[in-house]
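One-based numbering along the sequence shown.
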Amino acid sequence: MDVKNRGSSVSEFLLLGLSRRPQQQQLLFMLFLSMYLATVLGNLLILLAISMDSRLHIPMYFFLSNLSFVDICFSSTIVPKMLANHMLGSQTISFSACLTQMYFVFMFVDIDNFLLAVMAYDRFVAVCHPLHYSAKMTHQLCALLVTGSWVIANLNALLHTLLMARLSFCADNTIPHFFCDVTPLLKLSCSDTRINQMMILTEGALIMITPFICILVSYILITCTVLRVPSTKGRWKAFSTCGSHLAVVSLFYGTIIGVYFNPSSSHSSEKDTTATVMYTVVTPMLNPFIYSLRNRDMIRALGKVVGRKIFSVQ
């Protein structure tokens, strides 16, 4: 993309990161490196366990494997660049690289969003219509749901990236953030950003809120079904699993809504940065633990993977 054709004099941006204090920077570097490694390792183990255990080749784990893959890609879009900037002592990122990063952030957030809704629907069918589960959750439907998630997410990310590419950035190129996010970029633009903001609050909100409503409806129906279960132990187990899922959903959606769907006047760089850390770094790291380690089948499959690796090394 030719920057001059856009009428912009800015060819690169400066990412300030999370802190300007050297001691805090060292601590944050180690913290983010640890969280990134935990994210990649945890989600890779999930992928290996699901692929190697034939008993896990069912829709629920098919969706979980896709979520793990997306979480690895999501974190890899943001964290390595931040860590590299710290090690190289550089804060710059080119305009094209900034737009590319923003595109992939949008895309993976949307796919995460859709997969959470798809997983909630899968649990709804399993709990509320167990006798029809195999007939409803066919391989074709599962593939269609995942493929549709990728297609819609790519189109949405492309829309917002093209809208950002048409803007001009005249003087200030300092982004008080650790990656190229849409909100701080809009603040730096010297063009009219009303179309961008309108699309975020309308089309973007529709993309995010529709799956969120599907998740809520699914879990309300699941709760109604579980309450009719005579066994207290069975009800508690189901509610415990739902509570973990809803905790991640609340964390994911709460921070995104707080960052992207509030008026610009209510934003501050500190609050936005803290909120984005939660859904870009913390949530992908927690997903393997919340969705897998409380599941006996997954624990058994992970034990086989880890045991096999240890045995092969010895």
Side-chain angles (χ1 to χ4, degrees), residues 15 17-19 24-53 56 60-87 93 100-119 146 149-150 153 157 177-181 244-256 259 272-295 298-299 301-303 305-306 309:
L15 294 171
L18 294 172
S19 175
Q24 289 185 351
Q25 287 179 349
Q26 294 292 338
L27 178 62
L28 289 170
F29 175 84
M30 295 305 300
L31 178 62
F32 273 74
L33 177 61
S34 301
M35 289 193 293
Y36 178 66
L37 293 176
T39 299
V40 174
L41 179 61
N43 285 289
L44 278 178
L45 284 174
I46 298 303
L47 288 171
L48 282 173
I50 293 173
S51 64
M52 295 173 63
D53 193 333
L56 301 184
M60 179 177 70
Y61 296 108
F62 171 69
F63 297 135
L64 180 59
S65 63
N66 277 274
L67 182 69
S68 294
F69 174 73
V70 170
D71 282 343
I72 292 173
C73 296
F74 189 18
S75 291
S76 298
T77 301
I78 298 171
V79 181
K81 174 62 178 175
M82 184 185 68
L83 298 177
N85 283 355
H86 177 83
M87 293 183 65
I93 183 171
T100 301
Q101 187 182 58
M102 191 191 79
Y103 171 85
F104 282 109
V105 168
F106 256 112
M107 183 181 72
F108 290 128
V109 166
D110 287 345
I111 297 174
D112 252 348
N113 172 41
F114 293 135
L115 287 177
L116 289 175
V118 168
M119 292 172 73
V146 171
S149 299
W150 279 87
H177 218 318
F178 61 99
F179 70 97
C180 287
D181 200 9
S244 298
H245 187 189
L246 290 176
V248 173
V249 168
S250 300
L251 182 64
F252 180 79
Y253 284 99
T255 52
I256 287 178
V259 172
D272 287 354
T273 301
T274 302
T276 50
V277 167
M278 296 303 293
Y279 80 83
T280 59
V281 182
V282 176
T283 301
M285 180 186 68
L286 293 179
N287 280 346
F289 299 96
I290 293 176
Y291 289 114
S292 305
L293 297 184
R294 299 187 63 171
N295 183 301
M298 182 59 68
I299 292 175
L302 286 171
V305 171
V306 175
K309 295 296 182 183

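- The heavy-atom pair separating D110 from A157 by the smallest distance is OD2-N, 4.5 Å.
- Residues P288 and L45 have side chains not in contact (no heavy-atom distance under 4.5 Å, counting atoms from C-beta outward).
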Subject >> Check against side chain to side chain contact (heavy atoms under 4.5 Å, CB included), L47 and I72 >> reply: CA-CA 11 Å; L47 288 171; I72 292 173; 4.1 Å; yes
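- Here OG1 of T280 is found 11.0 Å from CG of D71. Values are rounded to the nearest 0.5 Å.
- Interatomic distance, CG of D112 versus CG of N287, reported as 6.5 Å (0.5 Å rounding).
- Among residues at least two apart or in separate chains, side chain to side chain donor-acceptor pair (under 3.5 Å) pairs with a member in residues 31-46 are Y36-S76, N43-S68.
- Residues Y61 and L64 form a side-chain contact, since some pair of their non-hydrogen atoms from C-beta on lies under 4.5 Å apart.
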**OP:** Might you work through the side chain to side chain contact (heavy atoms under 4.5 Å, CB included) test for W150 and M107, ending with a clear yes or no?
**Re:** CA-CA 8 Å; W150 279 87; M107 183 181 72; 4.2 Å; yes
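- Between F32 and V281, the closest heavy-atom pair is CE2-CG2, 3.7 Å.
- Looking at heavy atoms from C-beta onward, F178 lies out of side-chain contact with L15 at the 4.5 angstrom threshold.
- Within the model, atoms CD1 of I93 and CE of M102 stand 11.5 Å from one another, a figure rounded to the nearest 0.5 Å.
- At a threshold of 4.5 Å between non-hydrogen side-chain atoms, the residues F69 and L115 do not count as touching.
- In this structure, F74 and F108 have tilted ring planes: the angle between them lies in the 30° to 60° band.
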